[in-house]
2 protein chains.
Amino acid sequence: MKRLVTSVISVSALALNTAAFANESVMKGQDNPKEWVIQAGNYDNTRYSKLDQINQSNVGKLAPAWSFSTGVLRGHEGSPLVVGDVMYVHTPFPNIVYALDLNNDGKILWKYEPKQDPNVVPVMCCDTVNRGLAYADGKVFLHQADTTVVALDAKTGKVDWSVVNGDPKKGETNTATVLPVKDKLLVGISGGEFGVACHLTAYDIATGKKIWRAYSSGPDDQIMVDPEKTTALGKPVGKESSLKTWQGDQWKTGGGCTWGWYSYDPQLNLVYYGTGNPSTWNPKQRPGDNKWSMTIFARDPDTGMAKWVYQMTPHDQWDYDGVNEMPLVDQKIDGKDRKLLVHFDRNGFGYTLDRTNGELLVAEKYDPAVNWATRIDMDKNSPNYGRPELVKKYSTEANGEDVNTQGVCPAALGAKDEQPSAFSPKTGLFYVPTNHVCMDYEPFRVSYTPGQPYVGATLSMYPPEGQSNMGNFIAWDATKGKIVWSDPERFSVWSGALATAGDVVFYGTLEGYLKAVDAKTGKELYKYKTPSGIIGNVMTYEHKGKQYLAVLSGVGGWAGIGLAAGLTDPHAGLGAVGGYAALSNYTSLGGTLTVFALPD
Amino acid sequence: MKRLVTSVISVSALALNTAAFANESVMKGQDNPKEWVIQAGNYDNTRYSKLDQINQSNVGKLAPAWSFSTGVLRGHEGSPLVVGDVMYVHTPFPNIVYALDLNNDGKILWKYEPKQDPNVVPVMCCDTVNRGLAYADGKVFLHQADTTVVALDAKTGKVDWSVVNGDPKKGETNTATVLPVKDKLLVGISGGEFGVACHLTAYDIATGKKIWRAYSSGPDDQIMVDPEKTTALGKPVGKESSLKTWQGDQWKTGGGCTWGWYSYDPQLNLVYYGTGNPSTWNPKQRPGDNKWSMTIFARDPDTGMAKWVYQMTPHDQWDYDGVNEMPLVDQKIDGKDRKLLVHFDRNGFGYTLDRTNGELLVAEKYDPAVNWATRIDMDKNSPNYGRPELVKKYSTEANGEDVNTQGVCPAALGAKDEQPSAFSPKTGLFYVPTNHVCMDYEPFRVSYTPGQPYVGATLSMYPPEGQSNMGNFIAWDATKGKIVWSDPERFSVWSGALATAGDVVFYGTLEGYLKAVDAKTGKELYKYKTPSGIIGNVMTYEHKGKQYLAVLSGVGGWAGIGLAAGLTDPHAGLGAVGGYAALSNYTSLGGTLTVFALPD
């Protein structure tokens, strides 16, 4: 009898350590505005903080409180986490993780430095960035460039478990964060420029054991869709919905990578994420819609099965990856409360969907420069429902191989790339860091060799004709699909935004400024020049009763690849330098955390 | 008649561009507290600024105003310069120079990046540091690691002239700044750990043409002493004063390097600097006093001839280079106005001399831990006048080769190294960043091969027994040879100090703090944690009516070589890691300029 009781208690404790606890620690952390436990701050990816000590009236007095050099140069994407009295900071390759003591101006409590084969660097598409850590259940999770996923003991930095998610020799690498959901860790992968067949994988948070893996393209069982139950714009996707849209075996090298942000609705028990470009960038070489590249997926995290899908850019011709964040908000549309998913796609359209079923509610341009499509067909009875209405002049498919299609807006890096937006429930507005960049795009034929670039296009990028600003920081009404205000910036705003209950919105610029603007009007209230260009995301936390802001500076990423990789030819690589060459007049490589506070 | 007038004007203009102007521009710059035109701020190397906007009562409100990443990691010694609206910032190897626009938060006006053979790095003794630029006459002067001296047009960054001062293949490198004096640029050289025969060279400031070169050891004509007129402690040095103190040809590989700071008295027309260790570090291998290593030189900058010399550590047994700064102050001693030269030597003694003639006035320990000598013999009638009274237990010569002499204080890096002190005429005190470190030293026999290390000793370094602080920031009365107050620091204070008319003294710490203390009491008034450990020197300037402070952070130098070179063995290299290994708990590599100001 006694043994039985003991046994029951053990099972219960085990359950707490896995399924129940992992999710709860994130839920608890995201509900506590003093902490910042996952990259987006919260599961709904709104990057909103209830902290309001720093507000419109006092933000002008903000000043750096302390700073920390990561010891690594090149592009610093993502942000630190804060759990209790400890800040966790990550770096680009070689992906060092620091635990810093908030009670002691960032004294180093522990440091984790993986040994990674440096040969992974040339296989990374667009700088050596990493979009950061996630915390759950006493563990800090890191997905390294070489695709090793490690769970570190948050107290000691010791590796609890590690698992290999891909093979850099095949072009499989990582730049993304991971998302702990319930008893699982959701993990994506990069390699769309190397013909990788990409996927989302769920690992057991306690052990690292693989639970399920859902590919973006391929047979139904591999992409984990149910032909009858999984819907696209309200209709079942039908059998082999992906395979039918590829020529022959091309789906096996089809990209659809999963290097963006993942959001989660605990009530609906659905995880949302997007897939990237179909490989190669040369559209002539891969006829068909190339499903489910460029697609929003809603999946059940327990089973991995897709509930609904929506492909934004069928048969991509411009590298408009669909991986940008999927903030989840509840707003009224036409007077009716809706559970929304909002998505600012690389293709320049801001989409608002019903996240319960994938119904398309709004799709409007969030950069007036967008010209590759006139609109998204919103007619439910149209055969083209939900598809973009293309402009032939800017169709690289129509113009064909070895023809330079000029003046396409946005450029390949999109009207927005990975830099996440923020949303304030107080204003009901989204705050979106955008690119304002066009391109020339010339596709050419390539053949697939594992681990070799499989790009198939050259491009150059520049601001829209007659304009000098390569970026705007905008406020967007997702219920109407309208820009409310727009602050021009010299370069793309490649930093993630933060909205707070202080009615201030924060973001960084490629020149290196941290800026604070009025959430209602966009009026600049504060700026400070950090050591290097900012491509990291602004976060906030409270420590000992005081609100702090933190941001990584360290120029790089796709926009800063010219500086980061020392390219001097403005047309080299992925057209990365282009109009961004002037960045070198403003900033140099760096890798610094700056923490801000109001003076005592 | 008209032609003659024109001609006269031309000659006059030419003169202004060379001899007259070069000196005048430095004189003008150092007299203008708004600018900072040479590394020490002024010719007398007091690192004192008349600016007083930031003072004891408001320094607690100081905050970073803007920052700038240099794009280079490892040790950042020296400081920026400010001339007009432009700040000039240098980096460690590869010795990039930036001109930053003070009207625009440090926008980059131009960048000079030399192409240097990376093979110079392994030949550099103690990190890839560079102690910075000098400005004169519209030119910015840089002495690169590879010993190339360049004169850059201050407006454009274009190379006006360049000259090669040494050969890295022979171990000749550079870490020092240069000093423009009249129509000449004074340039030293490093390589004491490679058996370099070191020298000070004067180049024509307008053309780079070599004017004179004075070696530290060798025949009278090469060391530029006059046997009758050059004095040591009041007596003529006599014929071949150097050659007589070396065995055979050993002076040809005898070190005596000139990598420290140079000061200048325009009234006396004398330049002051010190020479480094005799090579090798194994004293048994080089009998004799090894003159004029470890020596203060006073030279006429026009002719190069030495007026007087003083050897502080004859026949060095501990690597106590004599290159530290030589601040020039006028103070009363025994009620009498004296023109003084003060020098905090690596050997742990603070020397006060009459700079007109080299008379030794005061010589006292400025670190109580110093134990290798009991005192300096001050008896003018003693045969040992001016020499240290050695303690046999700590004599690595007496203990001999392959014997580990333990507990010698200070360690090889001295009670102070290159980190320059400051002096306030308002308090009459020197503010000295010190090391508080002892060592074990084991000499061994080496043979000389050009370009190969010629060190001849291994060592390990640690704090004095029973103590945990490896540094102190002290106030020193040079007229009495007494410590007035002493602030303990966890690590050596490897940052140059700044004293201001605001009665505040500033310095940086290896953990990365910029600190402000009360000039009278040493009480801490402000601290801020910069991104990385500070081994740079604090400077100040005024721009648009507002006082700013600036300091480079970027841990490294000898104290930080363990971090900078990624050494993990605490006994590796030149014993560099030792007690400094704990630095990695506080800071990481960096390279950032932080500019401070009071809030508006």
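Hydrogens, waters and symmetry mates play no part in the numbers below; they use all other heavy atoms, side chains included. Numbered from 1 within each chain, the chains take letters A, B, ... in sequence-line order.
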Between these two chains, chain A and chain B, I want each donor-acceptor atom pair under 3.5 angstrom written on its own line with its distance.
residue, atom, partner, partner atom, Å
Ser67(A), N, Lys529(B), O, 3.0
Ser67(A), OG, Tyr528(B), OH, 3.4
Ser67(A), OG, Lys529(B), O, 2.8
Ser69(A), N, Pro531(B), O, 2.7
Ser69(A), OG, Leu589(B), O, 2.5
Gly71(A), N, Leu589(B), O, 3.3
Tyr98(A), OH, Ser588(B), OG, 2.9
Asp105(A), OD2, Tyr513(B), OH, 2.6
Ile108(A), N, Asn585(B), O, 2.8
Tyr513(A), OH, Asp105(B), OD2, 2.6
Tyr528(A), OH, Ser67(B), OG, 3.4
Lys529(A), O, Ser67(B), N, 3.0
Lys529(A), O, Ser67(B), OG, 2.8
Pro531(A), O, Ser69(B), N, 2.7
Asn585(A), O, Ile108(B), N, 2.8
Ser588(A), OG, Tyr98(B), OH, 2.9
Leu589(A), O, Ser69(B), OG, 2.5
Leu589(A), O, Gly71(B), N, 3.3

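- Looking at Pro599(A), there are no atoms closer than 4.5 Å to chain B (heavy atoms on both sides), in backbone or side chain.
- By number of non-hydrogen pairs under 4.5 angstrom with chain A, the leading residue of Gly591(B), Pro64(B), Gly590(B), Ala65(B) is Pro64(B).
- Contact tally against chain A (heavy-atom pairs below 4.5 Å) for Leu589(B), Leu109(B), Val595(B): the top residue is Leu589(B).
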